[in-house]
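See below for the structure under consideration.
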Amino acid sequence: MSHGKIRTDKNCLNCGHIVEERFCPHCGQENTETKQPFYYLFTHFIEDFTHYDGQFWKTIRYLLFNPGRLTKEYLAGKRQIYVAPVKLYIFISFITFLLPSLFSGSEESEEGHDKTEKASQTILREKQQEQKIARFTDSLTQQIKSKQSAEGKKAYYKDAKITEVNGNNIETDAIEENADGKISILGASNMKQFDSLYAKKASDRRVYDFMRPFARKVFYLQSKGLNKEEIFEKFSETFVHTLPKALFVYLPVFAFFLWIFHNKKKWWYFDHGIFTLHYFSFLLLGILIMIFFNRLIDLIPDNIVLSLLQNLAYAAGVIYLFIYFFVAHHRVYESSRGISVVKGFALLMINFIGILCMLLLLMYISFIMMH
């Protein structure tokens, strides 16, 4: 409940009706003073968005530890004491994809602190590698001079050129890294080579058509001076920023599959939408908790016992994410345990395929959208 100062006048500023207590009985607006302290902006935001007077924490507690209860309560008409499903999902998705990015920023600062030391080690390793290559080259040259005749040398260089031309082929290398550290697509290092290979390989043109957006984007970014690590870092950032939108788009698809598997007269599509919002909110919140747990473990020195406990905790978390769905599904739709389990497995398998296809499409779009 808001802690803003109540007006002495009893007329509602919104609709003009008489306000006997704190809220207008006609429009519901709170009869508070129009001018409030500055901190009221922040407290009002929290209270309005999360129902901070206990509704938010009660909703989170039921969401995490009482599968299906929020959905049953909402569908039964008990809606004022809980955070609305859409508002709950938007808030949790916002927090889930905002906080990890803040932690990644702190990790980048720590990496910057050790940048000089890592750079010096890299330079030292490169020098050692160059020395090894030089010794190997000298040894190889001596062996060629002593063991190969003029004809043997000619055959040797001929084989080397064939390997150089045919080393990258569409059957084995779709995306790989060249010797100079740049990415090649289907054996091409730029769009000119890509178009040339496309003209020669008539049987593989579907593959080239599919990979063309990747090739165009990779070659463009490399022309701007980005290396492989920087390109994939930009791709991961674009993917993470696009993922919440994709999950939100998939919500009605998940609800549609629920609608197919249940009685159309008893359960409306609206009911399945509420179940979907609550379950996806739980999944996002579970992912957020696992991320925080991983960040916390990273602060503790590594040891065998801790690593074992970490793996056990992750396994338990993943198992709970799946069990939660079956329990919530059984409680909400009130079918027998056997039928509920069969429908649950079928729904999970169908949606697993659907989400996998969505993620592949998202990765494709995210890569193309990079700039």
(request) Output, in order, the C-alpha distance, side-chain angles, deciding distance and verdict of side chain to side chain contact (heavy atoms under 4.5 Å, CB included) for Val341 and His330. (result) CA-CA 8 Å; Val341 170; His330 173 67; over 6 Å; no
(request) Could you tell me the separation between the CH2 atom of Trp57 and the CZ atom of Arg61, rounded to the nearest 0.5 Å? (result) 11.5 Å
(request) Please say whether more than 12 non-hydrogen atoms of neighbouring residues, nucleotides or ligands are located less than 6.0 Å from OH in Tyr320. (result) yes
(request) Specify whether Tyr324 and Tyr279 have parallel, tilted or perpendicular ring planes, treating 30° as the upper limit for parallel and 60° as the lower limit for perpendicular. (result) parallel
(request) Could you walk me through whether Leu88 and Leu277 pass side chain to side chain contact (heavy atoms under 4.5 Å, CB included), step by step? (result) CA-CA 8 Å; Leu88 178 67; Leu277 284 168; over 6 Å; no
(request) For Asn190 and Gln193, indicate whether the former's side chain and the latter's backbone hold a donor-acceptor pair under 3.5 Å. (result) yes
(request) Grab the two heavy atoms, one from Gly68 and one from Val332, that are nearest each other, plus how far apart they are. (result) O-CG2, 3.6 Å
(message) Measuring from atom CG of Leu63 to atom OG1 of Thr59, what distance do you get when rounded to the nearest 0.5 angstrom?
(response) 8.5 Å
(message) Between Phe345 and Leu258, is there shared hydrophobic-cluster membership here, with clusters defined by ILVMFWY side-chain heavy atoms closer than 4.5 Å?
(response) yes
(request) Answer with yes or no after comparing the ring centroid distance for Phe280 and Phe248 against a 6.0 Å cut-off, counting only values under it. (result) no
(message) Do Pro67 and Phe325 have side chains that approach each other closer than 4.5 Å (heavy atoms only, starting at C-beta)?
(response) no
(message) How about OH on Tyr314, more than 12 heavy atoms from neighbouring residues, nucleotides or ligands closer than 6.0 Å, or not?
(response) yes
(request) Please confirm whether the backbone N or O of Ile18 pairs with a side-chain atom of Asn31, one donor and one acceptor, at under 3.5 Å? (result) no
(request) Give the cluster check for Val342 versus Ile350: same hydrophobic cluster or not, with ILVMFWY residues linked at side-chain heavy-atom distances below 4.5 Å. (result) no
(request) Please assess Phe275 against His272 for the test side chain to side chain contact (heavy atoms under 4.5 Å, CB included), listing each intermediate value before the final yes or no. (result) CA-CA 5 Å; Phe275 179 88; His272 305 307; 5.6 Å; no
(message) Looking at every non-hydrogen atom in both residues, tell me the closest pair between His262 and Leu347 and how far apart they are.
(response) CE1-CD1, 4.3 Å
(request) Mark yes or no for whether Ser340, through its side chain, and Arg337, through its backbone, hold a donor-acceptor pair below 3.5 Å. (result) no
(request) Answer with yes or no whether the side chains of Tyr82 and Glu73 bring together a donor and an acceptor at under 3.5 Å. (result) yes
(request) State, with a plain yes or no, whether a side-chain heavy atom of Pro85 is found less than 4.5 Å away from one of Ser281. (result) no
(message) Could you check whether Tyr333 and Asn263, counting side-chain N and O atoms only, form a donor-acceptor pair closer than 3.5 Å?
(response) no
(message) Quick check: do Ile95 and Leu285 have side-chain heavy atoms less than 4.5 Å from each other?
(response) no
(request) Answer with yes or no after comparing the ring centroid distance for Phe282 and Tyr62 against a 6.0 Å cut-off, counting only values under it. (result) no
(request) Determine, using the 4.5 Å side-chain heavy-atom cutoff (strictly less than), whether Phe261 and Ile339 are members of one ILVMFWY cluster. (result) no
(request) May I ask you to say whether Glu20 pairs ionically with Lys10, meaning some side-chain N is under 4.0 Å from a carboxylate O? (result) no
(message) When you compare the side chain of Val218 with that of Met191, does any pair of heavy atoms fall below 4.5 Å?
(response) no
(request) State whether the number of non-hydrogen atoms from other residues, nucleotides or ligands found under 6.0 Å of Leu308 atom CG is greater than 12. (result) yes
(request) Kindly compute the distance separating CZ (Arg69) from CZ (Arg331), expressed to the nearest 0.5 Å. (result) 9.5 Å
(request) Decide yes or no on side chain to side chain contact (heavy atoms under 4.5 Å, CB included) for Ile81 and Lys58, but give the supporting numbers first. (result) CA-CA 8 Å; Ile81 59 177; Lys58 185 177 182 179; 4.0 Å; yes
(request) May I ask you to check whether over 12 heavy atoms, not counting those of Lys264, lie within 6.0 Å of atom NZ? (result) yes
(message) As an exercise, state the distance from OH of Tyr89 to OG of Ser93, rounded to the nearest 0.5 Å.
(response) 5.5 Å
(message) Could you check whether any side-chain heavy atom of Trp267 comes within less than 4.5 Å of a side-chain heavy atom of Leu75, counting everything from C-beta outward?
(response) yes
(message) What I want to find out is whether Asp271 reaches Lys72 closely enough, with some N-O distance under 4.0 Å, to be called a salt bridge.
(response) no
(request) Nearest 0.5 Å please: distance from the CG atom of Leu283 over to the CG atom of Leu247. (result) 9.0 Å
(message) Just so I know, are the side chains of Leu309 and Ile297 near enough to count as touching, which here means a heavy-atom distance under 4.5 Å?
(response) no
(message) Can you give me the closest heavy-atom contact between Tyr250 and Gly354, atom names plus distance?
(response) OH-CA, 3.7 Å
(message) Rounded at 0.5 Å granularity, tell me how far SG in Cys15 sits from NE2 in His26.
(response) 5.5 Å
(request) Could you check if a side-chain atom of Gln310 sits within less than 4.5 angstrom of a side-chain atom of Phe293, using non-hydrogen atoms only? (result) yes
(request) Look only at the side chain of Arg7 and the backbone of Asn11, and say whether a donor-acceptor pair between them is shorter than 3.5 Å. (result) yes
(message) Assigning hydrophobic clusters by single linkage (Ile, Leu, Val, Met, Phe, Trp, Tyr; side-chain heavy-atom cutoff under 4.5 Å), is Val327 placed with Leu64?
(response) no
(message) Between Leu348 and Ile323, is there shared hydrophobic-cluster membership here, with clusters defined by ILVMFWY side-chain heavy atoms closer than 4.5 Å?
(response) no
